[in-house]
Trainee: 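There's a structure below that I have some questions on.
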There are 2 protein chains.
Amino acid sequence: MDSPRLDRTDLAILAELQREGRLSNADLAERVKLSPSACLRRVQRLEQTGVLAGYTALIDPAKLGLGLQAFVRVQLARHDADVVATFTSRVNRWDEVVACHALTGEMDYLLHVVVQDLEHFSRFLLDHLLNASGVADVNSSFVLRTVKQARGLPLGHLG
Amino acid sequence: MDSPRLDRTDLAILAELQREGRLSNADLAERVKLSPSACLRRVQRLEQTGVLAGYTALIDPAKLGLGLQAFVRVQLARHDADVVATFTSRVNRWDEVVACHALTGEMDYLLHVVVQDLEHFSRFLLDHLLNASGVADVNSSFVLRTVKQARGLPLGHLG
DNA sequence: GATGAAACACACATATA
DNA sequence: TATATGTGTGTTTCATC
């Protein structure tokens, strides 16, 4: 699981799989100019070393009725280990929270929340977040428009 | 491309493909208790209607040397159509910005930025963001720890 | 269910460093 | 020497009709 050096071919493989996660090994090999077996070996190595952490389907939230997204800034009252542990474990249990980061600056945590509508968000806020112990302050901003949603990471600056 | 009704089986298909994007149709069919052909028909319909927008590989940023993430709040000086259009088109060109949302509240835009290190971030800030016309204020918070990163959307509350 | 195409697991010779 | 590649073979599994 230690860090392997990645050459341009590895980066090309990652870029292609990031763009099209269900590419067949044969097509992938052709695009990165490798034989299928050599290509498969590299992909398996990337998977084993954890560089390739998995694959996922991209789903349109609006088409599912998940029409409201919000970013919620959370401050904790204290930062004892147990307060933090309790909060983060709850965050991990709340399905509506698709991402949560601890940040520098005045906001302690930034939560990315995906819900159906304002009523659903209100329930999440009142029943879960504001009800959680140790939460000192909460500040919500709703997503008006998603200007950009890249498919994965910027690989252009590497190699 | 109009909105199709989704039953529990469709949601189960989406959940499985979100969890494991390269599931074979045979395995997927077994997990959602369908015949392979019926399952394939549903998946193709979900793809055609845009509910399934694509597939992607999940890559570990740290293992690639992308060790620093930041959330950058941006305020524009004005909100003329052309100022906004210029800004959003630039955001879409900057590879380091993996996501950008227009938000309610005091911050106009929230940018999720992924870079190699502080020096790379500094270059992004000075050369690109602060250099962009119409940007009135910028406020950066760095990611100390990613507490949660869900694989996709919360599907449990639907159906 | 049938069939044509992949994936996958080997072996081995070659090339590159 | 050690590592990665290309080719080739065969078997298994899959997508698709």
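The analysis underlying the following values was restricted to heavy atoms, covering all of them including side chains, and did not include hydrogens, waters or symmetry mates. The sequence lines fix the lettering, A, B, ..., with proteins before strands; numbering per chain opens at 1.
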Trainee: Keeping to residues at least two apart or across chains, list the salt bridge (charged side-chain N to carboxylate O under 4.0 Å, His left out) pairs with something in residues 144-156 of chain A.
Mentor: none

Trainee: Give the first and the last nucleotide of DNA chain D, reading 5' to 3', that has any atom under 4.0 Å from a heavy atom of chain A.
Mentor: D/dA4 to D/dT7

Trainee: Reading nucleotides 5-13 of chain C from the 5' end, what letters show protein touch, with B for base, S for backbone sugar-phosphate only, - for no heavy atom under 4.0 Å?
Mentor: -SSSS----

Trainee: Taking only residues two or more places apart in sequence, or in another chain, which ones meet A/Asp10 in a salt bridge (charged side-chain N to carboxylate O under 4.0 Å, His left out)?
Mentor: A/Arg42, A/Arg45

Trainee: If hydrophobic clusters are built by linking Ile, Leu, Val, Met, Phe, Trp and Tyr wherever their side-chain heavy atoms come under 4.5 Å apart, do A/Val43 and B/Ile59 end up in the same one?
Mentor: yes

Trainee: Among residues at least two apart in sequence or on other chains, which ones pass side chain to side chain donor-acceptor pair (under 3.5 Å) with B/Arg123?
Mentor: B/Glu119

Trainee: Over the length of the helix from C/dG1-D/dC17 to C/dA17-D/dT1, how much do the five-pair end axes diverge, rounded to 10 degrees?
Mentor: 40°

Trainee: Got a list of side-chain donor-acceptor pairs under 3.5 Å for residues 97-110 of chain B, not counting sequence neighbours?
Mentor:
residue	atom	partner	partner atom	Å
B/His101	ND1	A/Thr146	OG1	3.0
B/Thr104	OG1	A/Phe142	N	2.8
B/Asp108	OD2	B/Leu76	N	2.9
B/Asp108	OD2	B/His79	NE2	3.0

Trainee: Tell me, please, which residues at least two apart from A/Asp137 pass salt bridge (charged side-chain N to carboxylate O under 4.0 Å, His left out).
Mentor: none

Trainee: Can you name the residues that form a side chain to side chain donor-acceptor pair (under 3.5 Å) with A/Ser140, not counting sequence neighbours?
Mentor: none

Trainee: Taking only residues two or more places apart in sequence or in another chain, which ones pass salt bridge (charged side-chain N to carboxylate O under 4.0 Å, His left out) with B/Glu16?
Mentor: B/Arg19, B/Arg31

Trainee: Applying salt bridge (charged side-chain N to carboxylate O under 4.0 Å, His left out), can you list everything that pairs with B/Asp117, at least two apart in sequence or on another chain?
Mentor: none

Trainee: Can you name the residues that form a side chain to side chain donor-acceptor pair (under 3.5 Å) with A/Arg41, not counting sequence neighbours?
Mentor: none

